[in-house]
Enquirer: 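Take this structure, written in structure tokens, and hold onto it; I'll ask about it next.
Note: hydrogens, waters and symmetry copies are ignored here, and every other heavy atom, side chains too, is used.
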4 protein chains.
Amino acid sequence: MNTSPSSLRRSESSRRATLDAALDLCTERGYGRVTIEAIAARAGVSKKTIYRWWPSKSAVLLEAFTEMLVSATPFVDTGDIAKDLRTHLTGAVNVLAVPPFGPAYAGILSELHHDDQLAETVRRQLIDPRFDEAVGRLRSAQEQGQIPPDADLDLAVEMLYGPLYYRHVLRKPMQDAQDVGKLVDHVLRSLGAAER
Amino acid sequence: MNTSPSSLRRSESSRRATLDAALDLCTERGYGRVTIEAIAARAGVSKKTIYRWWPSKSAVLLEAFTEMLVSATPFVDTGDIAKDLRTHLTGAVNVLAVPPFGPAYAGILSELHHDDQLAETVRRQLIDPRFDEAVGRLRSAQEQGQIPPDADLDLAVEMLYGPLYYRHVLRKPMQDAQDVGKLVDHVLRSLGAAER
Amino acid sequence: MNTSPSSLRRSESSRRATLDAALDLCTERGYGRVTIEAIAARAGVSKKTIYRWWPSKSAVLLEAFTEMLVSATPFVDTGDIAKDLRTHLTGAVNVLAVPPFGPAYAGILSELHHDDQLAETVRRQLIDPRFDEAVGRLRSAQEQGQIPPDADLDLAVEMLYGPLYYRHVLRKPMQDAQDVGKLVDHVLRSLGAAER
Amino acid sequence: MNTSPSSLRRSESSRRATLDAALDLCTERGYGRVTIEAIAARAGVSKKTIYRWWPSKSAVLLEAFTEMLVSATPFVDTGDIAKDLRTHLTGAVNVLAVPPFGPAYAGILSELHHDDQLAETVRRQLIDPRFDEAVGRLRSAQEQGQIPPDADLDLAVEMLYGPLYYRHVLRKPMQDAQDVGKLVDHVLRSLGAAER
DNA sequence: CGTTAAGCGAGACGGTACGTCGCGTCTTGCG
DNA sequence: CGCAAGACGCGACGTACCGTCTCGCTTAACG
């Protein structure tokens, strides 16, 4: 997560104050209204210090966001693939549902088309690892015979995450349990999985 | 599409010059770098005139974008639901693939979380009509017995558009025909449609 | 005095507010502590407006200073060259003696070695005209026979202004009447003028 | 010249590197562009070390400048007061004519109005001693009858140095020999000295 | 077939935030 | 323990755009 040049002398307290201030402001004003000036003022930190360690506002929020998302959407294997997918997706839906994370993530996504480096970072740190984890869980289900051997697992994951992003981006957030359950069932069925 | 107060004296040439300049700049610099100042300068139009007719930069681009998207993604009914869905989705993928429309749309989407009015406009003018059209096409297939009567058509449409948005937002655009075909097949299968 | 690009639309009230604020701040804090930010805030004017019409802080103060100096140090011709020189120099001494003009002028002078354009402006607008006026007054005295025909009038003026600047720069300001009188007498005697 | 707290452990090599770097930068960029940061970087010295031994940028340059000026403008007594004054003033003119000393001195002078302590230091170390020396030389000439007993020697010195400063400050440097000669002659004549 | 009010270009204005620079203070670890 | 290295809070820099606001000018509709 460290986007900085290597340094042994970085002030951890400045780092924390910056990340916290950034998320607070994101909640209070919305991503678009957050400014580096305000983060610096709120955190009691100089702008120079922020620019020293992060290339942009989005990078600050990304760091805060990532720290948190990882722990909120675990990937467990209880043997029941449908249940595990529901658990995972429900975690993601819940994270996006609560400020400041939903708005913050929407804001970060919005920068991806203007900032190649950020896009690369987001994919490498946030998207790809979780995507791979999801594929991995499906593969283990496949090995246990719950899913046909020729199923397209990558596509399946995209079909799971896709509607979630679609709704988030268009600000029609998913309404938790019921929606998620139906989505998982449909995706599994599309793979030719045996009905439960 | 006209967001303006009614007027008989509005200059059509200024309108066109503004929209064209906005799209040009979006191609050249990317959405995030487009400014009202630059649009005005490029179009040879005064800032006042732009503010008179549009509430924001996004509204300008939305107008230009919408004009164009509608004609590019028609909804036909050939009797073959899989084929028609592929045709429609392929149109959408192609629009998003070419500058300036992909970047412009990404930019517009990015404003949705900061601008409630724009979000409402986008949903009403752009998203909902096409969503409804897609549901309608599925329903007619349902009536023809190609899809079971209890299928969740709304969810189906979200599963179709979802991956497309997911990929667009994350800047991993879909690679056209093959991807689209597999996606349509999976979604139809998830509805319990008879295999072709 | 107008250092601006030609414009018919310049706001006179902004101009005045800027100049007044600049002089006030110069009095309160001293030249070195005056900042463009503070001038703008005090004057209720945007920084952009200041930068639009003046190239630097010194230029702002120069304009205010010049407006004022010209009227304070008139050159009259009473027929008595010694008396007229005393009148003129005393005016200059007095201007430099009162805040904010003394400190402001010292500040402007201090920029002259870092800012070629300002140096040129100061010489053209402030120094040379008054120098020439002084030479002119001496010449008319020369024509009236009060000064020998071969006297070096340029040098004379430098000998008059020199000590004044010397003292001002080194912050040992002249103590008015007596000092000025002696200086004038010595300079006239150095020219070979008849004693009074 | 040492403005430091007493210390036996001060590094002479740091001192030299600092002074040299300061003068170099003054030549390259002009006084106004010299910064402590740059001096430290150029000298390979930490900022802390500079702040430990000097109170300000001007103090650094003053130390470098003074070291050098003293030796360049000697006061000799050959018995001919006009000649000795010319020698002395010509030395001063020459010092001011060559970078980095002219610009450096102008820079130092410019700080005098913002920095009372520096002003005091400059007067005590640089100005007053040379002023007194000049008065002393005139007095010895007076005792030898070359100058009338009631001549105002202080004023005379100001008339000598004044034009030199006037010209330096306004960046119209004196052109050496001829100018200096005429100035000295006029000042002596103004004192009522016998013509040579 | 003028008159007159609008839309228009130009761009100045008060603002906010930008990203950078240098200040002077401070801490860390090397020699 | 003095030093280099350099992070830190601070605050000003000069720039870019924002959205609002006159200005004259053109220009089409109505009287």
Side-chain angles (χ1 to χ4, degrees), chain A residues 4-5 7-15 17 33-41 43-57, chain B residues 4-5 7-15 17-18 33-41 43-57, chain C residues 4-5 7-15 17 33-41 43-53 55-57, chain D residues 7-11 13-14 17 33-41 43-57:
Chain A
S4 72
S7 167
L8 299 175
R9 317 271 283 284
R10 177 169 189 181
S11 157
E12 175 58 21
S13 68
S14 291
R15 197 187 83 99
R33 302 301 201 251
V34 175
T35 64
I36 300 269
E37 301 255 346
I39 296 173
V45 143
S46 79
K47 285 200 293 176
K48 177 107 190 192
T49 297
I50 296 181
Y51 284 112
R52 192 159 16 227
W53 302 112
W54 292 280
S56 66
K57 172 177 71 166
Chain B
S4 73
S7 167
L8 297 175
R9 309 195 34 194
R10 177 169 188 182
S11 157
E12 175 57 19
S13 69
S14 290
R15 197 187 84 99
T18 301
R33 303 299 201 253
V34 175
T35 65
I36 299 270
E37 302 257 348
I39 296 173
V45 142
S46 90
K47 285 198 292 173
K48 178 102 190 187
T49 298
I50 296 181
Y51 284 112
R52 189 156 25 223
W53 303 111
W54 293 277
S56 66
K57 171 177 73 165
Chain C
S4 71
S7 167
L8 299 174
R9 317 270 284 280
R10 177 168 187 183
S11 158
E12 175 58 21
S13 67
S14 291
R15 197 187 83 100
R33 302 301 201 249
V34 175
T35 65
I36 300 269
E37 300 256 345
I39 295 174
V45 142
S46 77
K47 283 199 293 174
K48 176 101 191 192
T49 297
I50 296 181
Y51 285 112
R52 197 165 8 234
W53 302 111
S56 66
K57 172 177 73 165
Chain D
S7 168
L8 297 175
R9 310 202 26 199
R10 177 169 188 181
S11 155
S13 69
S14 291
R33 302 302 201 252
V34 176
T35 65
I36 299 268
E37 303 257 348
I39 295 174
V45 144
S46 91
K47 287 199 292 173
K48 178 100 189 186
T49 299
I50 296 181
Y51 285 113
R52 190 155 25 223
W53 303 111
W54 293 277
S56 67
K57 171 177 73 165

Enquirer: Is the phosphate of F:dC3 approached by D:R52 (side-chain N or O, under 4.0 Å from OP1 or OP2)?
Expert: yes
Enquirer: What is the distance, to the nearest angstrom, from the CH2 atom on C:W53 to the P atom on E:dG14?
Expert: 11 Å
Enquirer: Quick one: on DNA chain F, does D:S14 or A:A43 contact a more 5' nucleotide (nearest heavy atom)?
Expert: D:S14
Enquirer: Just how far is it from atom OG1 of B:T18 to atom CD1 of B:I36, taken to the nearest 0.5 Å?
Expert: 9.5 Å
Enquirer: Ignoring backbone atoms, establish whether C:T49 has a side-chain N or O less than 4.0 Å from OP1 or OP2 of E:dA12.
Expert: no
Enquirer: Identify the two heavy atoms, one from D:A40 and one from D:S46, that lie closest to each other, and give their separation to 0.1 Å.
Expert: CB-C, 4.3 Å
Enquirer: Taking side chain to side chain contact (heavy atoms under 4.5 Å, CB included) as the definition, give me every residue that meets it alongside D:A17, ordered by chain and number, with sequence neighbours left out.
Expert: D:A43
Enquirer: Is it the case that A:R9 places NZ or CZ above or below the six-membered ring of A:W53, under 6.0 angstrom from the centre and within 45 degrees of the axis?
Expert: no
Enquirer: Can you find a pair of side-chain heavy atoms, one from D:V34 and one from D:K57, that are under 4.5 Å apart?
Expert: yes
Enquirer: Scan nucleotides 17-24 of chain F against the protein and return all N/O pairs shorter than 3.5 Å with their distances rounded to 0.1 Å.
Expert:
unit_1	atom_1	unit_2	atom_2	d
F:dC18	OP1	B:I36	N	3.0
F:dC18	OP2	B:I36	N	3.1
F:dC18	OP2	B:E37	N	2.9
F:dG19	OP2	B:Y51	OH	2.6
F:dG19	N7	B:K47	NZ	3.3
F:dG19	O6	B:K47	NZ	2.7
F:dT22	O2	C:R9	NH2	3.1

Enquirer: Rounded to whole angstroms, how far apart are CD1 on C:I50 and P on E:dA12?
Expert: 16 Å
Enquirer: What is the distance, rounded to the nearest whole Å, between atom CZ of C:R10 and atom C1' of E:dA10?
Expert: 18 Å
Enquirer: CZ/A:R33 to OG1/A:T35 distance, rounded to the nearest 0.5 angstrom?
Expert: 11.5 Å
Enquirer: Calculate the interatomic distance between A:E12 atom CD and F:dC8 atom C1'; express it in whole Å.
Expert: 15 Å
Enquirer: Give the rounded distance in Å between these two atoms: CH2 of B:W54 and P of E:dG7.
Expert: 14 Å
